[in-house]
There are 2 protein chains.
Amino acid sequence: MSRETLLPLMAAHVLEHGLGGASLRPLAKAAGTSDRMLVYHFGNKKTLIVELLDHIAGIYSAALDMALGDTRPSSRRECFDRVMEQAADPAMRPFMVLWWEIVAGAARDLPGYEVAAQEMIARQLDWLIRQMPADDPDPEGGARLLLTLMEGSLMLGTVGHAKTARDGLLASDLSPS
Amino acid sequence: MSRETLLPLMAAHVLEHGLGGASLRPLAKAAGTSDRMLVYHFGNKKTLIVELLDHIAGIYSAALDMALGDTRPSSRRECFDRVMEQAADPAMRPFMVLWWEIVAGAARDLPGYEVAAQEMIARQLDWLIRQMPADDPDPEGGARLLLTLMEGSLMLGTVGHAKTARDGLLASDLSPS
DNA sequence: AAAGGAATGTAGCGATTGCTACAATAGAGA
DNA sequence: TCTCTATTGTAGCAATCGCTACATTCCTTT
């Protein structure tokens with residue numbers, strides 16, 4: 001059992017139970033090993049978490065690649081609505097919950113958190129650019145705008161202000177300027 | 001020493017050191033008491049945290065009231081820029097860092113986190129409405145839109161994608177529709 | 001002054017934390 | 001077959017966790 005075998009199992013555990021309370025022994029049990037072996041393979045907990053975050057960022061990228069739509073939207077607003085609908089999928093909820101924990105860790109400068117978050121956002125932006133309307137005059141700028149709106153809306157959603165974000169969006173013009 | 005005396009002191013400690021690692025003994029030391037007394041006053045840690053979050057939401061509201069600008073901006077974009085500039089103030093950083101921890105807690109349904117976050121967002125929205133241009137035809141809708149953009153931008157900023165948000169905003173039209 | 005509840009100190013319990021010392025096994029190359 | 005290194009198990013350490021039992025002090029009310 002090597003690092004590569006253990007990481008996906010631990011990632012699954014973290015997706016379900018969170019990063020904050022992730023201690024060696026539960027992590028080990030989820031991976032079918034002992035805390036002793038986790039330290040043996042990764043040296044210490046800090047570097048384990050760093051590698052785990054990197055691995056999770058990889059999982060997220062792969063999940064995005066799987067979710068490429070086959071038809072392109074005809075407007076930025078339709079694109080936004082589609083992506084938001086997909087983010088609301090219950091299957092995405094563990095990712096969502098973990099995501100805010102990663103953001104919090106990045107804000108507090110915990111090692112590995114910011115790089116992982118940065119990677120995940122970069123992937124999401126790439127993905128979004130490919131999802132933009134085919135005739136959009138500025139797909140990069142549009143994707144960046146939609147990403148900002150999306151993340152703001154998702155955050156407001158998780159703290160019980162989904163309606164606030166929705167109403168704000170209704171009063172806005174997403175079309176290219 | 002009552003609850004009301006202890007809460008501000010613990011809030012200061014949490015603003016500096018975070019909520020996640022906040023355990024009874026350090027909290028007590030920051031408040032000049034013992035863990036024994038914290039349990040005596042609040043019953044247990046969970047309700048302590050709930051009351052502490054409520055208190056912190058109150059502090060945040062007060063801080064916003066202090067920061068009401070004396071001149072109104074003349075456009076939504078100017079309003080946005082001003083608010084973002086204020087949010088970038090180093091003095092706001094502890095609030096920012098703590099904020100994402102509260103969001104993460106709300107996403108994970110920890111008791112008290114969502115209510116606190118909801119309250120803080122509601123206050124921020126009220127504040128934003130009062131900061132909108134005087135001649136804005138739809139201050140409520142505009143404030144909701146700006147709030148969404150702000151929070152998205154702030155999040156992207158904390159994970160090292162401030163430029164992404166900025167470029168997205170440049171390619172957008174914030175004027176009322 | 002006596003009494004009684006509120007407030008506080010001391011000490012510690014059982015559980016969990018990250019990590020380590022030591023020993024045992026296993027499998028590959030000589 | 002014999003080493004030698006890589007891997008794994010067992011046991012435990014010191015620190016911290018939330019919380020509690022028990023005793024004591026303090027202040028208010030009668």
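Side chains are part of it too, since the values below use all heavy atoms of this structure and drop only hydrogens, waters and symmetry mates. The sequence lines fix the lettering, A, B, ..., with proteins before strands; numbering per chain opens at 1.
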Nearest-angstrom distance from the residue atom [atom1] of [X] to [atom2] of [N]:
| X | N | atom1 | atom2 | value |
| --- | --- | --- | --- | --- |
| Asn44(A) | dT20(C) | CG | P | 8 Å |
| Leu48(A) | dT17(C) | CG | C1' | 15 Å |
| Leu6(B) | dA7(C) | CG | P | 12 Å |
| Tyr40(A) | dT25(C) | OH | P | 17 Å |
| Ile49(A) | dT17(C) | CD1 | P | 13 Å |
| Phe42(B) | dA7(C) | CZ | P | 13 Å |

Practice task
Indicate whether OP1 or OP2 belonging to dT8(C) is found under 4.0 Å from a side-chain N or O atom of His41(B).
Solution key: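 For dT8(C), OP1 or OP2 has a side-chain N or O of His41(B) closer than 4.0 Å.
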Any salt bridge between [X] and [Y], counting N to O under 4.0 Å?
| X | Y | answer |
| --- | --- | --- |
| Arg123(B) | Glu119(B) | yes |
| Lys163(B) | Asp167(B) | yes |
| Asp136(B) | Arg130(B) | no |
| Glu78(A) | Arg82(A) | yes |
| Arg93(A) | Asp109(B) | yes |

Practice task
Check each residue of residues 23-37 of chain A for a non-hydrogen atom within less than 4.0 Å of any atom in DNA chain C, then write out the ones that pass by number, or none.
Solution key: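 Within this stretch, Ser23(A), Leu24(A), Arg25(A), Asp35(A), Arg36(A) sit under 4.0 Å of the strand.
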Problem - Pair Tyr60(A), Gln124(A): side-chain N/O donor-acceptor within cut-off below 3.5 Å - result: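 Yes, side-chain donor-acceptor contact under 3.5 Å.
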Practice task
Count the heavy atoms belonging to other residues, nucleotides or ligands that lie under 6.0 Å from CZ of Arg108(A), then report whether that count exceeds 12.
Solution key: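 It does: Arg108(A) CZ has more than 12 such atoms within range.
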Exercise for the section: State, to 0.1 Å, how close Ala30(A) and Leu9(A) come at their nearest heavy-atom pair, and which atoms those are. Expected result: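 Heavy atoms only, the tightest pair is O-CB, 3.9 Å.
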Practice task
Considering only heavy atoms of chain A and a distance under 4.0 Å, specify the first and last nucleotide of DNA chain D in 5' to 3' order that meet this criterion.
Solution key: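 Contact span on the strand: dA6(D) to dG12(D).
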